[in-house]
Amino acid sequence: MTTYRAIRGMVDILPDDTPLWQSMETAALEVLSSYGYAEIRLPIIESTDLFARSIGEVTDIVEKEMYSFADRNDDSMTLRPEGTAGCVRAMVQHNLALTTQRLWYMGPMFRYERPQKGRQRQFHQLGVEAFGVATPDQDVELIALSRQLWRRLGVDDALQLEVNSIGSAADRARYREALVDYLSGHRDQLDADSQRRLDTNPLRILDSKSPETQALLESAPVLSEYLDTETQAEFAALLSQLDLLGITYAVNPRLVRGLDYYNKTVFEWTTDRLGAQSTVCGGGRYDTLVATFGGKDTPAAGFAVGLERLILLMQSLDITVTAPADLYVVTADANAYRHSLPRLDALRRQFPDLDIVQHLGGGSFKSQFKRADKSGATWALIYGEAEVSASQVTLKPLRTDAEQQTIADGELETFLAGYLAEAHSV
RNA sequence: GUGGCUGUAGCUCACCAGGUAGAGCACCGGAUUGUGACUCCGGAGGUAGCGGGUUCAAGACCCGUCAGCCACCCCA
């Protein structure tokens, strides 16, 4: 007999955790729609080429982390490692970029990495993308929206915002040249990864964790000095608008992102509570990607939230959610069960918000009450022999010391309406 | 992909100079016949991740493998 385990890096989210996930998702949905963002649902598989072109041929994601395979027609497919590429592809394909678009999506992403806490091979992201606005007010809205979500979830005190501007492609090209010039003279002082990057992706050297490399960077050319005046003004505007909102941030001149499509504003929300996987949310502007995919030249900006990391953060702050039922229905015997069945059916129709769990499988009152208690339900609704023959029901409070009460079956609706009104007013 | 740590009942862990495993919690049943939580009593549950080796004997030692964790790396 072989036993099976989930594939490495693929994680089951169990019933103990799904209430927290659902409350997080509901909060996100409400915040997003309050800002006028609409959901878009996208395929999980896209052509490999789509990701290589947008994320960048020489990025780690494309070079060694993608789940790519040949389909039955021998075309190269890839399980999406991120959501922006597919979202932009859909924008272009359906001509949605003709008007301003505010979009979001949520779902699984796949990256072949070594698993660690906060890092899985299948993980989930909330992606938020905005198309059509080139000015920094759009960046501000995205950051403000994310902060609103942190507040809503109770994690805002545990997150710090870092921002930077990495300029246009032309700015970066000029800077890259200067940086490579400088670092080439000190090649032997760089860590191994940075030496390799010197030839492939030199900007990534900026966020190296090696102390020696960072020391070397102290006297390296600074990216901000290579930005054109317009970009500098936009970044200044962004910062002043963040001030206006009371959003505290740190300008991190070393903040560069690992995906090639970013330009100008980039930002990350990080926490010190998750170990090495500290980035909970990251994003920025990507003004040329739509055109790269053959669409009309359309500025854009967006960010992605790592949902496992967000959940981990909530759990580290002891934020918990439970979803106990309102009623746990106890029936004395087969006759009582048959009596209760149509009644419960009617109650469920009349009170869609009422959570009713019926005890199944019979058993003694004692064992049924044990189950009722463990379910966390607020009330036990009891159909005993006496109640059934007298057309009554008994309601026993399971969470308080109040007396149980027996009422006429016909008064149940009134009772429940009152209970729901009270529960919802809290 | 690199380095390190770990892997014993559902969960958290213990034991042991190597001699065929225990606790707490959880679970099931009972403590006068229609009522949970607290308490008491009883019960079930593991061939010690998997494979190989050393040994008279291995969960304990060695090797491999798988998985988790930590750091690097990567990014969300």
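Residue numbers start from 1 in every chain, and the chains themselves are labelled A, B, ... in the order their sequence lines are given, proteins ahead of strands.
- A:L259 comes within 4.0 angstrom of the backbone, heavy atoms only, and of no base.
- At a threshold of 4.0 angstrom between heavy atoms, the contacts of A:E82 with the nucleic acid are absent.
- Nearest-nucleotide positions on RNA chain B for A:V11 and A:G118 put A:V11 closer to the 5' end.
- At a threshold of 4.0 angstrom between heavy atoms, the contacts of A:R309 include nucleobase atoms, whether or not backbone atoms are also involved.
- Each of A:R196 and A:D401 has a nearest nucleotide on RNA chain B; the 5'-most of these lies closest to A:D401.
- Residues A:W379 and A:F415 place their aromatic rings such that the two centres sit under 6.0 Å apart.
- Base pairing annotation: B:C72 forms a Watson-Crick or G-U wobble pair with B:G1, both donor-acceptor distances under 3.5 Å.
- At a threshold of 4.0 angstrom between heavy atoms, the contacts of A:A386 include nucleobase atoms, whether or not backbone atoms are also involved.
- Here B:A37 is the nucleotide among B:A37, B:A76, B:C70 with the atom lying nearest to any side-chain atom of A:K370.
- Checking B:A37, B:G4, B:G68 against the side-chain heavy atoms of A:R114 singles out B:G4 as nearest.
- A:E308 comes within 4.0 angstrom of no nucleic acid atom, judged by non-hydrogen atoms across all strands.
- Nucleic acid contact class of A:A372 (heavy atoms, under 4.0 Å, all strands): none.
- Within 4.0 Å (heavy atoms only), A:E63 reaches no atom of the nucleic acid at all.
- At a threshold of 4.0 angstrom between heavy atoms, the contacts of A:R257 are confined to the sugar-phosphate backbone, with no base atom among them.
- Nucleic acid contact class of A:R371 (heavy atoms, under 4.0 Å, all strands): sugar-phosphate only.
- Residue contacts for A:G9: at a heavy-atom cut-off of 4.0 Å it reaches the sugar-phosphate backbone alone, with no base atom in range.
- Among the atoms of the strands shown, only primed sugar atoms or phosphate atoms (P, OP1, OP2) are found under 4.0 Å from some heavy atom of A:G275.
- Ring-centre distance between A:Y337 and A:Y383: not below the 6.0 Å cut-off.
- Across all strands, A:R5 comes closer than 4.0 Å only to sugar-phosphate atoms, never to a base (heavy-atom distances).
- Within the nucleic acid shown, A:K209 comes within 4.0 Å of at least one base atom, counting heavy atoms only.
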